[in-house]
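So that the names make sense, note that chain A is the first sequence line, chain B the second, and so on, each numbered from 1.
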Amino acid sequence: MARRIVLRSDDPPVSQDDLTVDYRDDLNPQQHAAATASGGPVLVVAGAGTGKTRTLIYRVAYLVETGTKPESVVLLTFTRRAAREMTTRAATLLDGRCKRVQGGTFHAFCLGILRRHANVIDFPNNFSILDAADAADVLSVLRSRGGYHQSDERFPRKGTLQKMFSAVTNRDTSLDDLLADKYPQFTHLHDDLEQLRREYRGYKQSHALMDFDDLLLRTLELFEASDAVRNKVAARCRHVLVDEYQDTNALQADLVRQFASVHGNVMVVGDDAQSIYRFRGADFRNIFQFPDQYPDTTILKLEQNYRSTQPILDLANHVIEQADRSYDKTLFSEEQEGELPAVVPAPDAQMESRFVAQMILRLREQGVPLDRIAVLFRSSHNAYDLEVALNQRNIPFVKYGGTKLSEAAHIKDVLAHLKVAENPMDAAAWNRILQLLHGIGPKTARDLIEWATEAADDPFVASENGPFSNRYISALKKLFATLRSIRDPDKALVEQVEAVLNYYRPLFEKTYYEDYPKREPDLEHFVSLAEAYDDRQTFLAQLALDPIELTALDQDGAEEDEPPLVLSTIHSAKGLEFHTVFLIRALEGNLPSRYALKEPGGVDEELRLFYVAITRAEENLFISYPMLKYQRFRGEYLTDPSRFITGIPDDVLEPVELVEADAADELEAPDDVKQLNGRVPDDAPEDEPPNDAVPSDADRPDDGLPF
DNA sequence: AGAAGGTCGTTTTTT
DNA sequence: ACGACCTTCT
């Protein structure tokens, strides 16, 4: 790299008197130092709940207020939700200018760059984005085309292939090492896999497809291919801010370096104790390497916790002590008072759900809004029982980390039609819509795709003379007619979606004949979503990169209703905070996950996950687990509580026993709230008749008699 | 040969 | 409740 001469700012030094926001008054000294730091590389190590987000928001405001153009500030966050929240809050602080800062997720930001410059790496700018499932489908096609599993030795299934290849890209390792490390059963297939991986890459290139990893990887390749482009992009990155840096992987760290390569102003914020995306290639050690990669890094620490009470932090500190970690920060709070965190063994899964649902109703009675309460779990199916219990009691909730709208098969069908209209080379989408037609299976679809994407100049015009069989010709003609009609540039997006739905409905009812009425509402939701966009390409990208939770849609009918309770995987709860947190299914094999036990370092990662869950809580924390579980084939069996909660002293984590209200009373009065020994803030006797003042309680079901 | 339809075994976490 | 695999049908 060329020698660098640093020019000093010609502007007079900024005095606090000239600023609208009172940074010194609003922030503690550590936060203030971070928010008002001058340029250059800065690493902020911030413990859970220490006002990391707040500091970044003030940082944005400060930069904008001291003369940096908002368009030249880049704020990279882990989710779009986080980016939106930050810029909105910064805007409240200062003014609307903050909304013009660039950013979002790494993937979204890279997409923007690629759309502008894709031609440099031989991609059209209307390339399609493949989500993980789409990528797996492409691999499945290539696998059968290449005849990889003709012999009777087993070949990895499509999802495994996708995971393997993604891991190779994200972890910056060789296929060899990955196989040895994680897939020893497939090491002998190394050559086949290497070849399949090459085919996959070539196929994506020739069909204008990019999977999630490509969005990062191809951006780096773009920068490598053209210094001019890199300089142009980096010139617009006057200040680069990265949130959750502990969860970035090698690719992302590389990207940050490129973005900052012109101005050198980069501030990263993170907490090594909260690194929970190892499976995606993140390595918490990255955060320690930052100072090595950027000479003269200023290191700042945030240690005062503003979120949780001291008893909750005591548990958190106790937990994280068990992990190998290089940074020592003990969180402290000024909020000394507070309930002890509780561990609640429930007799079985239904009882666990009853406990959570009833506690939520009590808290709500005491004035805690539902949306200040969260139920967290390791994996999304952990919540199935609870979802039933909540539905029975009419408690509204959103679930994060569950099935996304754009992942539902029927929505993927509709999307695929739009994708083909957008990018006629999109073989993955073609494959999907062709196989919906009666008489077309994998083989015919493959032949037709080849014709449509290679032989035909314009498949939509030349649709009269393809290699068609009478078996499906009439259905195919209808498909072409629909595609032609939605490609009309004058057609509004909503009209395009309506046209697809008109065409798709009969196919939909046939394909999902057993349960299509249940899926029907999703199609309506999809139309209303499309109304907010006028550009097809933006709409498609948005759905791919910022998928909408299915349960979030159930809520928008009831706008008058109170904001819903939050159910979330621990991963999706990152960065959020709640008055009360329930952590359910704290079981050995679930948290820590049994899969993690096999991997070196896996248990530590799970421990950090547990730590993240605990530190979401402000006032109350309940950790529960069922003592008995039921599994098909296995029947009922005794569970082991998570190793993370055994052996913690009672004065740090208080054991609580669930007691069933008198069984006779329960039969007559459905108000069957259990006693919690000394735990419930307002422990009213429960032998009264049901209280009508609790609307969502009114049609509570009888909760069965599990004993 | 290739598609359709039924059956069996199954499931971490996310952009 | 979903997908991979096997059997039967066109």
Side-chain angles (χ1 to χ4, degrees), chain A residues 76-83 104-111 129-133 135-137 140 143-144 149 154-160 162-163 166 169-170 210-216 244 247-249 251-252 275-282 376-382 384 400-404 406-409 434-435 437-447 469 471-472 510-515 518-519 541-547 549 568-574 585 589-599 602 605-606 608-609 612-613 631-634:
Chain A
L76 294 168
T77 53
F78 216 70
T79 60
R80 283 209 180 182
R81 206 155 110 230
T105 61
F106 277 89
H107 291 84
F109 188 60
C110 287
L111 175 67
I129 300 166
L130 303 177
D131 67 19
D137 287 341
S140 164
R143 184 182 55 176
S144 48
H149 60 313
R154 82 200 160 112
F155 201 77
R157 45 178 74 175
K158 60 176 184 178
T160 312
Q162 189 273 328
K163 279 200 183 98
S166 177
T169 317
N170 281 298
M210 290 211 197
D211 62 25
F212 285 144
D213 303 330
D214 288 325
L215 294 177
L216 308 183
E244 313 278 13
D247 280 323
T248 56
N249 61 29
L251 284 181
Q252 291 164 323
S275 171
I276 55 175
Y277 279 91
R278 210 171 70 117
F279 67 94
R280 220 169 76 179
L376 305 183
F377 33 85
R378 170 71 238 256
S379 57
S380 75
H381 68 256
N382 291 160
Y384 288 170
Y400 295 99
T403 315
K404 310 288 194 297
S406 46
E407 288 166 0
L434 288 172
Q435 293 210 51
L437 304 181
H438 196 267
I440 299 183
K443 180 63 169 73
T444 312
R446 213 159 74 203
D447 295 341
S469 140
R471 204 164 73 237
Y472 50 79
K510 201 175 115 266
T511 312
Y512 307 100
Y513 61 94
E514 326 138 282
D515 66 340
K518 265 186 225 154
R519 297 170 182 254
Q542 173 82 25
L543 283 175
L545 295 180
D546 191 17
E549 308 287 340
S568 175
T569 56
I570 301 173
H571 284 92
S572 295
K574 145 186 279 252
R585 296 287 201 277
N590 185 231
L591 181 61
S593 149
R594 65 177 138 289
Y595 300 92
L597 302 178
K598 293 183 220 149
E599 285 183 65
E605 172 99 350
E606 299 287 310
R608 290 192 294 269
L609 203 49
V612 168
Q631 226 171 45
R632 236 178 304 202
F633 306 119
R634 218 177 139 182

Choosing from [options], which nucleotide comes nearest the side chain of [X]?
X: A:Y277; options: B:dG2, C:dC2, B:dT14; value: B:dT14
X: A:S593; options: B:dA4, B:dA3, B:dT12; value: B:dT12
X: A:S379; options: B:dT15, B:dT13, B:dA3; value: B:dT13
X: A:R157; options: B:dT12, B:dT11, B:dA3; value: B:dT11
X: A:F212; options: B:dT13, B:dT15, C:dC2; value: B:dT15
X: A:E599; options: B:dA4, B:dT12, B:dT15; value: B:dT12

[X] side chain to [Y] main-chain N or O, any donor-acceptor pair under 3.5 Å?
X: A:R143; Y: A:P156; value: yes
X: A:R378; Y: A:N590; value: no
X: A:D447; Y: A:T444; value: no

Scan every strand shown for a Watson-Crick or G-U wobble partner of C:dA1, both distances under 3.5 Å, and answer none if you come up empty. none
Base-pairing mate for B:dT10 - Watson-Crick or G-U, with both contacts under 3.5 Å: none
Over all strands shown, is [X] touching base, sugar-phosphate only, or nothing at heavy-atom distances under 4.0 angstrom?
X: A:P547; answer: nothing
X: A:G439; answer: sugar-phosphate
X: A:R471; answer: sugar-phosphate
X: A:I440; answer: sugar-phosphate
X: A:H107; answer: base
X: A:F106; answer: nothing

Contact under 4.0 Å: [X] side-chain N or O vs [N] OP1/OP2:
X: A:T79; N: B:dT15; result: no
X: A:T569; N: B:dT14; result: yes
X: A:Y595; N: B:dT12; result: yes
X: A:K158; N: C:dA4; result: yes
X: A:K518; N: C:dA1; result: yes

Gap separating the CD atom of A:E605 from the CZ atom of A:F279, nearest 0.5 angstrom: 8.0 Å
If I take atom CD from residue A:Q252 and atom NE2 from residue A:H107, how far apart are they, to the nearest 0.5 angstrom? 6.5 Å
Let me know, please, whether A:E606 or A:K443 comes out on the 5' side of the other along DNA chain B by nearest nucleotide. A:K443
5′-ward residue of the pair A:D447/A:S572 relative to DNA chain B: A:D447
I'd like to know if A:D247 and A:K574 make a salt bridge, using a cut-off of under 4.0 Å between side-chain N and carboxylate O. yes
Roughly how many Å is it from [atom1] in [X] to [atom2] in [N], rounded to a whole number?
X: A:L609; N: B:dT12; atom1: CG; atom2: P; result: 15 Å
X: A:Y472; N: B:dA1; atom1: OH; atom2: C1'; result: 14 Å
X: A:F155; N: C:dA4; atom1: CZ; atom2: P; result: 14 Å
X: A:F109; N: B:dT15; atom1: CZ; atom2: C1'; result: 16 Å
X: A:L434; N: B:dA4; atom1: CG; atom2: P; result: 12 Å
X: A:Y384; N: B:dT10; atom1: OH; atom2: C1'; result: 12 Å

